[in-house]
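Taking it in order: structure first as structure tokens, then the write-up.
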Amino acid sequence: MLPTLAEVLRIPVVQRARPRVVVGEDLLDVTVRWVHIAEVTDLAHLLRGGELVLTTGIAMPDSADELRRYVQDLASVGVSGIAVELGRKYGAESELPRALLEAARDARIPVVSLERETRFVEITEAVHVRVVNRQLEESRESERLHEVFTRLSVEGARPERVLHEVARLSGCPVVLENLSHQVLLCELGGEDPEAVLASWESRSRTLRSETRTVHDASMGWLATVVGARGQDWGRLILICGAAPSPRHSMLLERAATTLALGRLLERHQESLERQTHRTIIAGIVDRSYSDPQEALVRARAVGVPLDGRSLSGLVLRLPDGGTGLSAEARLADGAEAVARACREVRLPALVGSLDDVRVGVLLALPRGRDPEPQLQRLAERIRELTGTGPVLAVGSPTDDIREVRRSFLEARQVGDVALRQPGRLLYRLPDLHLRGLLHLFRDDERLQTYVERELGALLAYDARHGSDLTEMLRCYLEAGRNKALAASTAHLSRPAFYERLRRISRVLGADLDSVETCVSLHVALLSLDAVRDRLGPVDG
């Protein structure tokens with residue numbers, strides 16, 4: 001950053017000249033690009049703007065009109081100020097001409113009188129050393145920023161990390177918003193989220209500009225457009241105060257370029273909106289927010305108000321494999337389909353992936369309204385967009401943001417079980433009957449002991465011989481002990497299937513014609529499914 005006129009006046013060699021500001025004490029924050037020594041009045045055509053004109057005044061005209069024209073010519077090229085050494089034309093104790101001072105005041109050009117004779121060359125050297133050093137420092141800083149953001153681009157850094165670097169290098173909060181002025185990501189650097197993000201959309205809409213980078217001194221916001229190839233998709237905003245430095249602008253623009261490049265290189269990844277929603281949902285489920293109010297503030301900033309709403313956790317459980325797409329691509333497609341369905345049905349919701357096979361949805365519905373019609377329409381639209389493979393599970397509603405975690409955990413459990421018995425549009429815990437009950441108790445050692453007692457011998461036999469007797473037993477029981485139907489389901493002839501049933505009976509020491517025995521074995525098989533689907537203990 002170039003030195004200001006105020007800084008120049010504090011340089012020791014200038015101080016020795018006893019400078020006194022006679023016009024424009026409120027204009028000393030103007031930057032000085034160079035010092036130009038001039039003893040002629042016809043010099044405007046030699047200047048480029050930003051110069052401090054240094055003169056003894058010896059060639060200044062005596063006519064008031066010519067003095068005004070002299071000042072006006074300097075103003076037209078944008079000089080930083082005029083410094084006049086007294087003692088040559090104007091006596092050491094005299095005042096500068098009134099016409100000169102009035103013209104400078106009208107043109108808003110600072111005028112400084114130097115009351116002691118000094119070597120102008122020493123002033124120019126001292127100022128130019130500072131100017132050149134600042135320019136070198138700016139060049140080095142530009143190179144450092146280039147290295148930082150080039151490395152982030154090459155590494156394919158996620159947008160969260162890019163914003164983290166901007167906040168670290170600037171010491172200021174930074175926000176990435178979409179074209180609808182909703183917050184996609186933010187790095188607040190310890191600032192209060194309520195103070196930074198409150199009424200974000202309405203405040204952001206007041207910041208408008210025809211240029212890609214703009215600063216609003218009243219808001220203290222420095223903003224630049226994010227996008228590439230003529231497709232802008234957001235803005236990056238640095239909350240840096242009333243006077244950002246050129247380094248701030250350079251930093252913000254480098255970061256915007258990195259974000260735009262990352263967007264171009266994305267393949268089958270979540271959109272930034274999905275990533276933002278996922279982060280908020282994860283923060284609620286994992287209880288990462290020290291204050292639940294922060295989750296409400298962040299959700300409101302992305303256009304999904306949660307306070308004063310009935311909240312429900314929904315989980316879209318994807319089937320395992322079988323689509324030819326990578327897990328990441330399947331998950332991204334599923335999340336975008338659910339988000340689209342929520343928009344079309346006009347349901348306010350946060351939508352983001354929970355893990356490799358689940359998409360989470362946090363619905364925020366008005367209190368006191370029956371949610372069933374909207375949920376049915378949402379489920380129908382999701383089925384149209386995703387097919388019959390995934391299942392949609394709904395957790396119990398709550399009015400308390402702190403209870404949303406329990407709603408999501410319930411929906412996750414329901415989705416895992418419902419995947420084995422698809423057919424409905426959406427599932428709740430009561431819809432799962434015995435399977436749902438067994439799934440809830442899948443971590444109980446007593447249930448696991450029961451499975452081993454009923455089926456352990458058959459499972460061990462299959463393991464030793466590489467046979468499929470456990471699956472044959474499942475076919476028999478799911479066919480309602482109808483042997484002909486079970487043989488057909490197992491794609492075996494009746495004699496071959498009957499032989500397998502006799503072998504199962506011998507291994508288990510059980511009468512497969514007994515209804516009670518078969519009920520017990522069927523419950524054990526369902527319990528086995530629940531135990532095998534176990535994803536770790538779920539606490540409250």
Side-chain angles (χ1 to χ4, degrees), residues 1-90 94-135 138 215 217 243-246 249:
M1 184 176 181
L2 294 172
T4 65
L5 181 55
E7 291 174 323
V8 168
L9 296 180
R10 290 195 294 268
I11 296 175
V13 67
V14 179
Q15 282 289 302
R16 287 198 295 271
R18 291 184 183 175
R20 181 170 64 92
V21 180
V22 292
V23 170
E25 284 200 30
D26 59 331
L27 304 174
L28 299 184
D29 59 346
V30 63
T31 57
V32 177
R33 187 186 59 80
W34 209 245
V35 175
H36 189 89
I37 302 173
E39 298 299 356
V40 295
T41 55
D42 182 21
L43 78 154
H45 67 285
L46 302 175
L47 305 179
R48 295 171 54 193
E51 295 91 351
L52 172 62
V53 175
L54 197 58
T55 180
T56 63
I58 196 169
M60 281 189 177
D62 296 323
S63 163
D65 289 340
E66 290 182 357
L67 279 174
R68 292 191 185 93
R69 187 177 305 109
Y70 168 74
V71 173
Q72 290 167 355
D73 287 347
L74 295 181
S76 67
V77 295
V79 299
S80 299
I82 304 171
V84 183
E85 182 188 84
L86 303 180
R88 299 276 181 163
K89 178 164 185 172
Y90 306 109
S94 66
E95 297 290 335
L96 294 173
R98 178 178 298 177
L100 173 71
L101 302 182
E102 289 178 351
R105 192 173 292 111
D106 292 342
R108 295 185 61 78
I109 297 178
V111 176
V112 180
S113 65
L114 305 178
E115 299 179 352
R116 177 181 288 178
E117 184 180 20
T118 188
R119 293 181 178 178
F120 281 2
V121 67
E122 293 181 354
I123 293 178
T124 58
E125 285 177 351
V127 174
H128 293 170
V129 164
R130 282 166 173 76
V131 169
V132 171
N133 285 344
R134 296 287 178 88
Q135 291 174 337
E138 184 175 329
H215 175 249
S245 67
S249 298

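Excluded from the calculations below are hydrogen atoms, water molecules and symmetry mates; all remaining heavy atoms, backbone and side chain alike, are included. These numbers were taken from a predicted model, which means no experiment stands behind them.
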Side-chain contact test, heavy atoms from C-beta onward, threshold under 4.5 Å: evaluate it for Leu47 versus Val53 and give yes or no. yes
Are the side chains of Leu67 and Pro61 in contact, using a 4.5 Å heavy-atom criterion? yes
Do [X] side-chain atoms and [Y] backbone N/O form a donor-acceptor pair below 3.5 Å?
{"X": "Thr55", "Y": "Gly57", "value": "yes"}
{"X": "Glu7", "Y": "Thr4", "value": "yes"}
{"X": "Arg33", "Y": "Gly49", "value": "yes"}
{"X": "Glu39", "Y": "Thr56", "value": "yes"}

If you apply the rule side chain to side chain contact (heavy atoms under 4.5 Å, CB included), what do you find for Arg68 with Asp106, and how did you get there? CA-CA 10 Å; Arg68 292 191 185 93; Asp106 292 342; over 6 Å; no
Measure the [atom1]-[atom2] distance between [X] and [Y] for me, rounded to the nearest 0.5 Å.
{"X": "Leu43", "Y": "Leu74", "atom1": "CG", "atom2": "CG", "value": "5.5 Å"}
{"X": "Ser80", "Y": "Asp29", "atom1": "OG", "atom2": "CG", "value": "10.5 Å"}
{"X": "Leu96", "Y": "Arg20", "atom1": "CG", "atom2": "CZ", "value": "8.0 Å"}
{"X": "Leu9", "Y": "Gln15", "atom1": "CG", "atom2": "CD", "value": "7.5 Å"}
{"X": "Arg48", "Y": "His36", "atom1": "CZ", "atom2": "NE2", "value": "12.5 Å"}
{"X": "Leu46", "Y": "Glu51", "atom1": "CG", "atom2": "CD", "value": "9.5 Å"}

Which pair of non-hydrogen atoms, one from [X] and one from [Y], has the smallest distance, and what is that distance?
{"X": "Leu54", "Y": "Leu114", "value": "CD1-CD1, 3.9 Å"}
{"X": "Pro110", "Y": "Leu27", "value": "CG-CB, 3.8 Å"}
{"X": "Val14", "Y": "Pro19", "value": "O-CD, 3.2 Å"}
{"X": "Val40", "Y": "Tyr70", "value": "O-CE1, 4.2 Å"}
{"X": "Ala17", "Y": "Thr118", "value": "CB-CG2, 3.8 Å"}
{"X": "Ala44", "Y": "Val77", "value": "O-CG1, 3.5 Å"}

Under the side chain to side chain contact (heavy atoms under 4.5 Å, CB included) rule, what do Leu52 and Val112 come out as? Steps first, then yes or no, please. CA-CA 10 Å; Leu52 172 62; Val112 180; 5.9 Å; no
Side chain to side chain contact (heavy atoms under 4.5 Å, CB included) evaluation trace for Ile109 with Val23: CA-CA 7 Å; Ile109 297 178; Val23 170; over 6 Å; no
As a quick check of understanding, evaluate side chain to side chain contact (heavy atoms under 4.5 Å, CB included) for Arg108 and Asp26, giving each step before the final call. CA-CA 10 Å; Arg108 295 185 61 78; Asp26 59 331; 4.0 Å; yes
